[in-house]
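Quantities reported herein were computed from a predicted structural model and do not represent experimental measurements. First the proteins, then the strands, lettered A, B, ... as listed; each starts at 1.
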Protein chains: 2
Amino acid sequence: MSSLEELMVFRDVVLTGNITRTSQRLHMSQSSVSIQIRNLEREYGAQLFDRTNRGVRLTERGEVLYRYAEEVVSLMLEAREAVPVPLR
Amino acid sequence: MSSLEELMVFRDVVLTGNITRTSQRLHMSQSSVSIQIRNLEREYGAQLFDRTNRGVRLTERGEVLYRYAEEVVSLMLEAREAVPVPLR
DNA sequence: TTCTGTTACGGGAGGCGTAATCATC
DNA sequence: GATGATTACGCCTCCCGTAACAGAA
């Protein structure tokens with residue numbers, strides 16, 4: 001099942017529309033980003049992006065996942081802040 | 001960063017209050033459950049459970065994570081349904 | 001030929017289960 | 001001794017980066 005990292009990578013690819021650019025921004029290889037996207041597509045049984053020679057473009061089903069990803073990622077980031085805080 | 005599986009295991013341990021019972025319910029070994037809980041504690045820098053000889057009991061910080069985990073897991077399960085659905 | 005995405009491949013890290021260990025009752 | 005959690009250890013899968021490949025402008 002998908003890790004939070006995969007969702008964060010997915011989110012960034014949606015923003016940049018470009019696997020190469022995301023790989024640079026997140027300091028990882030092209031292939032790693034490409035494969036993470038492929039894994040998400042397999043996991044959800046849906047094509048998330050259309051591939052073009054200029055980059056990638058979100059599909060309708062990709063947009064559905066994107067809305068969930070935004071919510072989940074922001075919750076998880078919030079949790080990372082809230083959980084370890086000493087309760088005084 | 002934590003996977004959804006880890007959060008689902010955490011959630012189940014909270015419900016059972018017992019690592020062994022969760023390992024049986026989820027068909028995995030004690031050690032695997034134990035280590036996943038330990039990993040979450042390291043990741044969040046907080047003790048999530050008090051260990052007793054009868055099982056484990058959620059700490060205050062564990063409760064904070066639990067609320068997030070509930071929300072995140074239900075969102076992810078919802079996404080699994082929603083994303084692959086052909087749009088009519 | 002340049003830009004972008006995908007595939008092949010090898011190495012290293014991490015996850016799993018078995019089994020041993022520790023602690024408490 | 002029974003119960004429940006942790007640790008040790010070996011295996012095996014999976015993830016990553018490098019590099020080669022494919023297609024389009």
Practice task
Go through dT7(C), dC25(C), dT6(C) for me and flag the one nearest to the Asn53(B) side chain.
Solution key: dC25(C)

Exercise for the section: Return yes if a side-chain donor-acceptor contact under 3.5 Å exists between Ser29(A) and Ser23(A), otherwise no. Expected result: no

Problem - Exam field: side chain Ser74(A) to backbone Glu71(A), donor-acceptor pair closer than 3.5 Å - result: yes

Practice task
Establish, yes or no, whether a centroid distance under 6.0 Å links the rings of Phe10(A) and Tyr44(A).
Solution key: no

Exercise for the section: Whole angstrom is fine here: how far is it from CZ in Arg51(B) over to C1' in dA23(C)? Expected result: 14 Å

Exercise for the section: Salt-bridge test for Arg51(A) and Glu41(A): reply yes if a basic N is under 4.0 Å from a carboxylate O, no otherwise. Expected result: yes

Problem - Sidechain N-carboxylate O distance under 4.0 Å for Glu6(A), Arg42(A) - result: no

Exercise for the section: Would you kindly give the CZ-to-P distance between Arg54(A) and dT2(C), to the nearest whole Å? Expected result: 16 Å

Problem - Which residue lies more 5' along DNA chain D, comparing Ile35(A) with Thr20(B) via nearest heavy atoms - result: Thr20(B)

Exercise for the section: Let me know the distance between CD of Gln30(B) and P of dT21(C), rounded to the nearest Å. Expected result: 16 Å

Handout entry: Nucleotide range of DNA chain D lying under 4.0 Å from chain A heavy atoms
Key = dC16(D) to dA25(D)

Exercise for the section: Verify, without hydrogens or angle tests, whether Ser34(B) (side chain) and Gln30(B) (backbone) share a donor-acceptor contact under 3.5 angstrom. Expected result: no

Practice task
Rounded to the nearest angstrom, tell me the gap between atom CZ in Arg38(A) and atom C1' in dA8(C).
Solution key: 11 Å

Exercise for the section: State, yes or no, whether a side-chain contact exists between Val83(B) and Leu48(A) at a heavy-atom distance under 4.5 Å. Expected result: yes

Problem - Any Gln36(B) side-chain nitrogen or oxygen under 4.0 Å from OP1 or OP2 of dC16(C) - result: yes

Exercise for the section: Indicate, with a heavy-atom threshold strictly under 4.0 Å, whether Ser31(A) touches base, sugar-phosphate, or nothing. Expected result: base

Exercise for the section: Pick base, sugar-phosphate or nothing for Ser29(A), based on heavy-atom distances below 4.0 Å to the nucleic acid. Expected result: base

Fill in the blank from the handout: note: Ile19(A), atom CD1; dG5(C), atom P; distance rounded to Å ~ 5 Å

Handout entry: Rounded distance in Å - CD1 (Ile37(A)) to P (dT6(C))
Key = 9 Å

Completion exercise
To the nearest angstrom, the CG-C1' distance between Asn39(B) and dC16(C) comes to 12 Å

